[in-house]
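As a basis for the values below, the full set of heavy atoms in this structure was taken, side chains included, without hydrogen atoms, waters or symmetry mates.
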Amino acid sequence: MSIFEYDKEEEARKLRKAEYESGVADGFNDGINTAKKDTAITLTELHMPIEQIALALKVDVETVKEWLRSTGK
């Protein structure tokens with residue numbers, strides 16, 4: 001692309017689209033993590049061992065422990 005072909009509006013549109021898609025992905029990932037955290041808490045209340053919870057949710061044991069600490073469990 002030469003400098004004579006530069007379209008400021010087109011570049012701004014592309015940037016907005018990329019930022020929107022990034023925001024959607026971040027929101028999706030936050031939702032997944034929240035669901036996993038809630039599931040971990042529920043499974044703990046059912047007396048499932050932390051190691052099994054981590055395996056079932058495909059996260060490491062320290063992540064599960066951190067989630068439980070943040071809720072006071």
Practice prompt. List for me each residue that meets side-chain contact (heavy atoms from CB on, under 4.5 Å) alongside Glu10, sequence neighbours excluded, and say none if there are none.
Written response: Asp7, Arg13, Lys14
Worksheet item: Could you give all pairs that pass the side chain to side chain donor-acceptor pair (under 3.5 Å) test and reach residues 21-30, with sequence neighbours left out?
Response: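 Not a single pair qualifies under side chain to side chain donor-acceptor pair (under 3.5 Å).
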Sequence neighbours left out, cut at 3.5 Å: what donor-acceptor pairs do the side chains of residues 47-57 make with other protein atoms?
none

Worksheet item: Of all residues at least two apart in sequence or in a different chain, which pass the side chain to side chain donor-acceptor pair (under 3.5 Å) check with Lys36?
Response: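 Listed in chain order: nothing, the list is empty.
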Worksheet entry | Shared-cluster residues of Val24, by chain and number - hydrophobic side chains joined below 4.5 Å | Tyr20
Discussion item. Please report the interatomic distance OG1(Thr42) to NZ(Lys37), rounded to the nearest 0.5 Å.
Written reply: 12.0 Å
Response to the item:
Rounded to the nearest 0.5 Å, the CD atom of Glu45 sits from the CD1 atom of Ile41 at a distance of 7.5 Å
Fill in: Pairwise salt bridge (Lys or Arg N to Asp or Glu O under 4.0 Å) hits with a residue in residues 57-66, at least two apart
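Every salt bridge (Lys or Arg N to Asp or Glu O under 4.0 Å) pair that includes a residue of residues 57-66, provided the two are not neighbours, is Glu62-Lys65.
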Worksheet item: Can Trp67 and Thr44 be said to form a side chain to side chain contact (heavy atoms under 4.5 Å, CB included), step by step?
Response: CA-CA 11 Å; Trp67 288 339; Thr44 300; over 6 Å; no
